[in-house]
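Reviewing the structure listed below.
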Amino acid sequence: MTADSEYKRRTVLKAGSAAVTATLVATPAATPAAAAQTDSSSVDMTLRVNGRDHRLAVEPRVTLLDALRERLDLTGTKKGCDRGECGACTVLVDGRRIKSCLTLAVMRQNVEITTIEGLVRGDKLHPLQEAFIRQDALQCGGCTPGQIMSGVACISEGHTRSADEIREWMSGNLCRCACYPNIVAAIQDAAK
Amino acid sequence: MKNFTYAAPRNVADAVRLAGQPDARFIAGGTDLLNLMKDGAQSHGAIIDINGLALGDIVQRNDVIRIGALARMSDVAAHPAVRRSLPVVSEALLNSASPQVRNMAAVGGNVLQRTRCGYFRDSGTTCNKKAPGSGCPALEGENRGHAILGGSDHCIAVHPSDLAVALLAVDAVVLTDRRRIPFADFHVVPGTTPDQETVLGHGELITGFEIPVTPLAARSRYLKLRDRATFEFAVVAVAAALNMRGDTVRDVRLTFGGVATKPWRSPEAEEALRGKPLTTTTITEAGRALVRGAVTRDHNAFKVDLVQRALDGLLRDLGGVR
Ligand SMILES: Cc1cc2nc3c(=O)[nH]c(=O)nc-3n(C[C@H](O)[C@H](O)[C@H](O)COP(=O)(O)OP(=O)(O)OC[C@H]3O[C@@H](n4cnc5c(N)ncnc54)[C@H](O)[C@@H]3O)c2cc1C
Ligand code: SF4
Ligand code: FES
Ligand code: FES
């Protein structure tokens, strides 16, 4: 995928979510958008993501996932379930993998956050990204950023001694397209 | 999720003072609290982030292991003293949730996680735990995952924590900012007040757990049966700790998850083994003693048999019985 086509896709997604917000505002009371209008107690914070400090002001209830995607435009991190069950939102915090949908942005100041966008070195993909391509470890790609972030941690933790061990330690990342055998192969490949 | 104010105190005294506000709640890993708040099962006006408190250590002093309330599930599971002296705790943790959740979730929050009963987590249904007096749709509804022990006509929801079942098997003590609570007294059965799940007071802070290092705890194991191979809550779980003198059971702890409304210890099952040899007969008797008071519903009667088989399998393994 070229940088160009990625940009277009993001633009489409943004237009889509703006439309959703508009309809929510029209319905009364408990919608997130309406609640946001009645309470504006935003908190100023600094998030250190992929080696750069970002200053932003968000309400305490905003998850790290939403802050990354909606405020910092780092849409590589995906939202699947928003309940900790799928792993699409996996990022690293000080090198440890977490699910960014289950933590608040305000709780993650003064730590080093790494997202899928932070894995490339200049033009060079991360070895696990290369292995995913080589092993054909994705179909729709929805789970892939989360799989790769989780896989990077799985390798650095040393949980790659067998295919079974990889399966167990990658169990927090679901794939609707069932690319599991290829994902395991990619991690084995990159762990070599 | 409704909005709230946020504070991140740096010491226990400030945390406890802030948590004294009527609608305040602590947050540790946030892995259960945020889900409950997103689902609308809970809402709180003030969130007190305790991650800045120095409560993350795991230390062994003489014959006691002390685990701070903020120690993460992954770190406790991997700790050498825990693996050596409390294998059941390490095994229960490694069989919980996913690597990411274990990196986030703290052990204090773990024992306070709330039931996975689908009615409780669905904002569109009645539920006595969520809204006292509104009724319990699980009694006549979808109750395959529900309790056969410790239930009442008000609630039959299972306590979901694996760690809690393990801590009960090794005689843990809960430490709070104001007292020590034996783990066995910490959780309570629903009775007529299913919204009350522990003896913890409002704003009371768990600071850690103390666990005695004993030969009993050193020979302990966890068996968890679930609907898929991994990353799933227990259908049935058993923790066993065994101390043998020759062929005779000198002491034993048998605790259970997935079958009861709180982490469940069965003194009756233990009594069937204590002072006796570990044989097919005594193991079978222990299983029968466990389920003697079981109350089943439309979809969960299978647990009566399954939990006895799990106990049988685990005890044979642990005791080396063929
Ligand atoms: C997808 C998924 C799968 C899971 N699978 C399993 C599983 O298989 N087995 C299992 O056992 N668990 C499982 N869990 C549950 C998980 O273990 C808990 O969510 C976690 O342990 C809670 O810890 P926490 O630090 O995130 O707590 P939080 O969510 O921060 O807090 C939970 C509650 O405890 C209170 N609290 C936290 N710390 C303290 C303290 N020190 N003193 C007083 N009150 C405190 C909070 O106020 C809150 O009410 C799963 C969770 C998810 C999301
Ligand atoms: S079993 Fe308990 S938690 Fe579930 S619906 Fe009934 S009262 Fe609510
Ligand atoms: S979006 Fe976070 S785990 Fe699914
Ligand atoms: S590649 Fe489609 S969900 Fe994994």
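Note that this is a predicted model, so its numbers are computed, not measured. Proteins come first, then strands; the chains are lettered A, B, ... in the order of their sequence lines, and each starts at number 1.
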(request) Any chance you could measure Asn35(B), atom CG, to Cys81(A), atom SG, to the nearest 0.5 Å? (result) 8.0 Å

(request) Applying side-chain contact (heavy atoms from CB on, under 4.5 Å), run through Phe231(B) and Asn173(A) and close with a yes or a no. (result) CA-CA 10 Å; Phe231(B) 192 22; Asn173(A) 292 79; over 6 Å; no

(request) Tell me, with the steps shown, if Arg96(A) and Gln100(B) meet side-chain contact (heavy atoms from CB on, under 4.5 Å). (result) CA-CA 8 Å; Arg96(A) 280 162 67 114; Gln100(B) 293 100 316; over 6 Å; no

(request) Classify the side-chain pair Ser98(B)/Lys99(A) by whether it contains a donor and acceptor separated by less than 3.5 Å. (result) yes

(request) Measure distances from Ser171(A) to the heavy atoms of chain B and classify the residue's part below 4.5 Å as side chain, backbone, both or neither. (result) both

(request) Using a cut-off of under 4.5 Å on heavy-atom pairs, state which of Ile27(B), Asp32(B), Leu33(B) scores highest against chain A. (result) Ile27(B)

(request) For atom CZ of Arg10(B), decide whether the heavy atoms of other residues, nucleotides or ligands shown that lie under 6.0 angstrom number more than 12. (result) no

(request) State the CE-CG distance between Met1(B) and Asp66(A), to the nearest 0.5 angstrom. (result) 8.0 Å

(message) I need the residue from Asn51(B), Leu94(B), Asp75(B), Val101(B) with the largest number of non-hydrogen atom pairs under 4.5 Å to chain A.
(response) Asp75(B)

(request) Under 4.5 Å heavy-atom distance to chain B, tell me which part of Cys154(A) shows up: side chain, backbone, both or neither. (result) neither

(request) Start with the C-alpha gap between Met107(A) and Tyr6(B), add the side-chain angles, then the distance that decides, and say whether side-chain contact (heavy atoms from CB on, under 4.5 Å) holds. (result) CA-CA 9 Å; Met107(A) 292 167 68; Tyr6(B) 171 84; 3.8 Å; yes

(message) Hydrogens and angles aside, do Arg167(A) and Thr230(B) bring a side-chain donor and acceptor to less than 3.5 Å of each other?
(response) no

(request) Identify which of Val62(A), Thr90(A), Val43(A) forms the greatest number of heavy-atom pairs closer than 4.5 Å to chain B. (result) Thr90(A)

(message) Please report the interatomic distance CG(Asn103(B)) to CD1(Ile98(A)), rounded to the nearest 0.5 Å.
(response) 8.5 Å

